[in-house]
Amino acid sequence: MSSSLLARVFIVRHGETAWNKDNRMQGWLDIPLNDLGISQARLTAEALKDTPLDRAFTSDLQRASKTAEIILEHHPGVRLEKHQWLRERFLAELQGQIAPARNRNPSGMIETSKAVAERSTKGWEQYIVEYIKSCSANSSVDGRCRYILVTSHGGLISRLVRKLLLTKAVRWRPGPEESGEAPQMPDRVANASISIVDFTLEQLESGESSIQGTLVQYSDTKHLAGTVVHETNADMAAPA
């Protein structure tokens with residue numbers, strides 16, 4: 001079986017906000033980046049400046065969209081596409097509270113972890129996977145890998161990646177059968193970290209081909225060396 005790299009998706013958590021620093025739950029409240037968050041976004045932009053991005057998707061909340069806009073300063077030809085499916089988990093009346101939550105969802109309006117996973121994987125399939133599939137025919141002609149930026153939030157990213165792995169829509173690298181160790185499910189996602197999913201076009205011995213996603217990097221912060229990086233996410237402390 002042979003394979004070729006079809007697309008690479010960079011999943012970036014937004015830079016720090018004042019509420020991240022205070023361990024305050026944000027949810028859908030539109031909290032801006034603080035000064036450190038802007039600096040983190042610029043370091044992430046520097047790390048990705050030589051990557052020829054083709055598409056860019058972001059949550060429409062400003063802490064994520066501003067992070068994406070800073071990254072795209074190095075890619076003026078790429079249009080930023082804002083989507084609600086990339087928003088953080090909706091936390092209703094818990095938004096604004098210091099974690100852990102004092103109340104356990106009294107209104108019943110808090111979005112469940114399961115609902116976040118379903119929302120995010122549906123959007124992933126509709127916008128990311130379908131775009132990659134549409135490029136596969138052209139890739140066989142021009143041989144060019146597509147590069148995609150996705151900017152979102154810690155709670156959504158962790159639940160999206162976990163769901164993709166559990167359903168085998170995406171596999172690990174190396175897999176447990178290669179390393180001899182069972183991998184842990186992704187949990188914390190650091191501010192301005194970069195996770196990477198590669199999509200390869202695999203030619204099977206039968207002559208058929210298939211598109212395979214592989215998680216090759218998770219919540220990496222090497223590009224943020226020298227800065228303070230918060231790996232906690234107050235929104236994940238809300239009731240599941």
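Leu6 and Val150 fall within a single hydrophobic cluster, where Ile, Leu, Val, Met, Phe, Trp and Tyr side chains are chained together by heavy-atom contacts under 4.5 Å. Leu86 and Trp124 fall within a single hydrophobic cluster, where Ile, Leu, Val, Met, Phe, Trp and Tyr side chains are chained together by heavy-atom contacts under 4.5 Å. When hydrophobic clusters are built by joining Ile, Leu, Val, Met, Phe, Trp and Tyr residues whose side-chain heavy atoms come closer than 4.5 Å, directly or via intermediates, Leu91 is not grouped with Trp19. In the hydrophobic clustering of ILVMFWY residues, with side-chain heavy atoms under 4.5 Å counting as a link, Leu80 and Tyr131 come out apart. Val229 and Ile71 fall into different hydrophobic clusters, defined by Ile, Leu, Val, Met, Phe, Trp and Tyr side-chain heavy atoms under 4.5 Å apart, directly or through other members.
Listed for the Asp220 side chain is no donor-acceptor partner under 3.5 Å among the backbone atoms of Gln217. The backbone N or O of Ala115 lies less than 3.5 Å from no partner atom in the side chain of Arg119, so there is not a single donor-acceptor pair. Without hydrogens or angle criteria, Thr214 side chain to Val216 main chain gives no donor-acceptor distance under 3.5 Å. Judged purely by atom type and a 3.5 angstrom limit, Thr67 uses its side chain to pair as donor or acceptor with the backbone of Gly15. Looking at Gln62, its side chain does come within 3.5 Å of a backbone N or O of Asp30 through a donor-acceptor pair. Side chain of Arg89 to main chain of Glu111: a donor-acceptor pair is present (N/O by atom type, distance under 3.5 Å, no hydrogens or angles). In terms of modelled atom types and a separation under 3.5 Å, the side chain of Arg13 and the main chain of Ala192 share no donor-acceptor contact. A donor-acceptor distance shorter than 3.5 angstrom exists from the side chain of Asn34 to the backbone of Leu36, with no hydrogens or angles considered. A donor-acceptor contact shorter than 3.5 Å is absent between the side chain of Ser219 and the backbone of Ser193. Judged by distance alone, the side chain of Gln95 and the main-chain N or O of Trp28 form a donor-acceptor pair under 3.5 Å.
Shown here are the side-chain hydrogen bond (donor to acceptor under 3.5 Å, both in side chains) partners of Glu81, two or more places apart in sequence or in another chain: Arg55.
Side-chain polar atoms of Glu16 and Asn191 form no donor-acceptor pair below 3.5 angstrom. In the model, Thr44 has a side-chain atom that pairs as donor or acceptor with a side-chain atom of His223 under 3.5 Å. Checked by atom type, the side-chain pair Ser59/Arg87 shows no donor-acceptor distance below 3.5 Å. No side-chain N or O of Thr227 forms a donor-acceptor pair with one of Gln40 less than 3.5 Å apart.
Across all non-hydrogen atoms, the minimal contact from Leu72 to Ala56 is CD1-CB, 3.8 Å. Trp85 and Leu156 make their closest contact through O-CD1, 3.3 Å (heavy atoms, listed as atom of the first residue, atom of the second, distance). When all heavy atoms of Gly96 and Leu29 are compared, the closest pair comes out as N-CD1, 4.1 Å. The shortest heavy-atom contact between Ile194 and Ala47 is CD1-CB, 4.4 Å. Contact between Val170 and Val197 at its shortest, heavy atoms only, is CG2-CG1, 4.2 Å. Considering every non-hydrogen atom in both Gln126 and Glu130, the closest pair reads O-CB, 3.3 Å.
Leu53 pairs with exactly one of Val78, Ile148, Leu48 by the side chain to side chain contact (heavy atoms under 4.5 Å, CB included) rule, that one being Val78. Among Arg146, Arg144, His75, the single residue meeting the side-chain hydrogen bond (donor to acceptor under 3.5 Å, both in side chains) criterion with Asp54 is Arg144.
Using a 4.5 Å heavy-atom threshold, the side chains of Thr151 and Phe57 count as separate. Looking only at side-chain heavy atoms (C-beta outward), Lys114 and Arg159 stay at 4.5 Å or farther from each other. Side-chain atoms of His14 and Lys66, non-hydrogen and from C-beta on, never get closer than 4.5 Å to each other. In this structure, the side chains of Thr58 and His83 stay at 4.5 Å or more apart for every pair of heavy atoms. Asp198 is listed as a side-chain neighbour of Leu5, based on a closest heavy-atom distance under 4.5 Å. Using a 4.5 Å heavy-atom threshold, the side chains of Phe199 and Val9 count as touching. The side-chain heavy atoms of Leu215 and Val161, taken from C-beta on, include a pair separated by under 4.5 Å. Using a 4.5 Å heavy-atom cutoff, the side chains of Ile38 and Ile70 are in contact.
We find the CD1-CG distance between Ile11 and Leu160 to be 5.5 Å, quoted to the nearest 0.5 Å. Here the straight-line distance linking atom NZ of Lys133 with atom CD1 of Ile128 works out to 13.0 Å at 0.5 Å rounding. Atom NZ of Lys163 sits about 13.5 Å away from atom OG of Ser158, to the nearest 0.5 Å. Atom CD of Glu93 is separated from atom CD1 of Ile110 by 5.5 Å, given to the nearest 0.5 angstrom. For the atom pair Ile196 CD1 and Tyr147 OH, the distance stands at 10.0 Å (nearest 0.5 Å). One finds the OH atom of Tyr127 at 9.5 Å from the NZ atom of Lys122 (value rounded to the nearest 0.5 Å).
With salt bridges taken as basic N to acidic carboxylate O contacts below 4.0 Å, none links Glu88 and Arg63.
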- Item | CA sep, side-chain torsions, deciding dist, call: Gln26, Asn20, side-chain contact (heavy atoms from CB on, under 4.5 Å) | CA-CA 8 Å; Gln26 298 174 103; Asn20 287 144; 3.0 Å; yes
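Asp35 CG: 12 or fewer foreign heavy atoms inside a 6.0 Å radius.
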